[in-house]
Amino acid sequence: MSGIEDWNGRIAVVTGGASGIGRGIAEAFVAQGASVVIADIDAAALEATAAEIGAVPIRTDVTDAASVRALASSVIGRFGAVDIVVNNAGVGPKADIASLTLADWKWILDVNLWGVIHGVDAFLPALKDNPRGGWIVNTASMSTFFFPPSYAPYVASKAAVDGLSRVLRAELAAEGAHVGVTVLHPGAVRTNIAASLRTRPEALAGDSGLFDFDIAQKLPVDARWSTPDEVGRIVVRAVTAGDAFAFTHPEMVDDVERSFAAVRDVMLAYGAAG
């Protein structure tokens, strides 16, 4: 379907909007003329960012379905509708699989995957009821193409977000709904994801093997780093154009093709063996 071309007066919600990519997206939406609600678990950062960029702050725990539904109710109650929802909140600490506890897996999947599921569950009915149509943006990761060691929960969650987004887009198109879906695959972006553990609930801490480390630091030293405001402009472009995907680092296409080629070669080998 076609994207959103007229942004004036649009109502947008961005989770994880107090910092990093979420803040960059929120700022870009404000610059387009949208009224923006930012949701985050970090109350202090949330209030400060909202004041700085001209957004409405609503503290939200994306791991809690009731909290996200309350966010949706607050947005609809205040504005009467919602046009764009960005399910962006995420964490990305590091640990080898053998060092992970089940609590580690639960926390990362609760934020990165269930946060998206809760966002879709809470906002999709209102988006479908909007006569102007709507849009969903879900943040995945370029790591889903390369599978870096020591990030199993992160990559698993982001791969699931990518799959969820593709299926949702296909279903909405099949039923003729005026709601589009874009999945964002960021590469190296200068954010504070390396401070993810600050938001981990104490009840889930336990004997954890996780430690903070930005996954993008595993890239070559000459890799290009993007900024949150650049990501924001990319998301605006994708939603305006109606794109199914948004990429911050198109120069990585050769690496992606090599990843796909490795799968293709094995598939062809099985065909030849048959």
Side-chain angles (χ1 to χ4, degrees), residues 1 3-4 12-17 20-22 25 39 41 60-69 71-72 75 82-92 104-130 133-148 151-187 189 193 196 215 231 234-235 238-239 241-248 256 259-260 263:
M1 62 174 288
I4 293 178
V13 179
V14 182
T15 68
I21 288 175
I25 294 171
I41 198 169
T60 306
D61 179 358
V62 299
T63 71
D64 181 359
S67 181
V68 181
R69 287 174 180 161
L71 169 65
V75 172
V82 63
D83 298 284
I84 306 168
V85 175
V86 182
N87 295 304
N88 168 77
V91 292
D104 294 332
W105 280 96
K106 176 173 173 51
W107 173 54
I108 296 172
L109 291 173
D110 275 353
V111 177
N112 293 358
L113 175 57
W114 277 101
V116 174
I117 294 171
H118 291 155
V120 171
D121 172 76
F123 283 99
L124 185 57
L127 289 168
K128 292 173 72 172
D129 287 343
N130 189 333
W135 212 270
I136 295 174
V137 179
N138 296 327
T139 300
S141 169
M142 284 300 294
S143 67
T144 61
F145 299 106
F146 306 118
F147 322 114
Y151 287 95
Y154 179 82
V155 176
S157 65
K158 295 301 186 178
V161 168
D162 177 77
L164 180 160
S165 302
R166 297 189 195 212
V167 172
L168 179 59
R169 183 180 174 100
E171 288 180 354
L172 291 169
E175 67 181 75
H178 296 292
V179 181
V181 180
T182 296
V183 57
L184 169 64
H185 285 280
V189 183
I193 197 170
S196 292
I215 189 172
V231 181
I234 288 168
V235 171
V239 174
D243 292 337
F245 305 96
F247 294 97
T248 63
V256 173
S259 177
F260 286 156
V263 176

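Nothing fancy with the numbering, it's 1 onward along the sequence. Keep in mind that what you see is a predicted model, and the values were worked out from it rather than measured.
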Give the ring-plane orientation class for Phe245 versus Phe247, where under 30° counts as parallel, over 60° as perpendicular and anything between as tilted. parallel
Closest heavy-atom contact between Val14 and Gly22? CG1-O, 3.5 Å
For Phe146, enumerate each residue passing the side chain to side chain contact (heavy atoms under 4.5 Å, CB included) test, keeping only those at least two apart in sequence or located in another chain. Met142, Met252, Asp255, Val256
For Trp135 versus Val137, what's the shortest heavy-atom pair and its separation? CD1-CG2, 4.0 Å
Please find the pair of heavy atoms, one from Trp105 and one from Pro153, that lie closest to each other, and give the distance. CZ3-CA, 3.6 Å
Between atom OH of Tyr151 and atom OG of Ser157, what is the distance when rounded to the nearest 0.5 Å? 12.5 Å
Under the side chain to side chain contact (heavy atoms under 4.5 Å, CB included) test, which residues partner Pro186, sequence neighbours left out? Ile21, Thr139, Leu184, Val189, Thr248
Tell me every residue that passes side chain to side chain contact (heavy atoms under 4.5 Å, CB included) with Leu168, counting only those two or more places apart in sequence or in another chain. Val120, Leu124, Ile136, Leu172, Val181
side-chain contact (heavy atoms from CB on, under 4.5 Å) partner of Leu71, the single match among Thr60, Asp61, Val85: Thr60
Any sub-3.5 Å donor-acceptor pair from Thr15's side-chain atoms to Ala89's backbone N or O? yes
Return the CG to NE2 distance between Asn130 and His178, rounded to the nearest 0.5 Å. 11.0 Å
Pairs where residues 167-183 contributes a residue and the test salt bridge (charged side-chain N to carboxylate O under 4.0 Å, His left out) is met, not counting sequence neighbours: Lys128-Glu175
Under the side-chain hydrogen bond (donor to acceptor under 3.5 Å, both in side chains) test, which residues partner Asn138, sequence neighbours left out? Asn87, Ser165
Judged by atom type as modelled, is there a donor-acceptor pair below 3.5 Å linking the side chain of Thr182 to the main-chain atoms of Ala244? no
Using the side chain to side chain contact (heavy atoms under 4.5 Å, CB included) criterion, which residues pair with Asp121? Sequence neighbours excluded. Arg69
How long is the gap from CG on Asn112 to CG on Asn88, to the nearest 0.5 Å? 10.0 Å
Before accepting this row, confirm whether a basic side-chain N of the pair Lys158/Asp162 lies closer than 4.0 Å to the acidic partner's carboxylate O. no
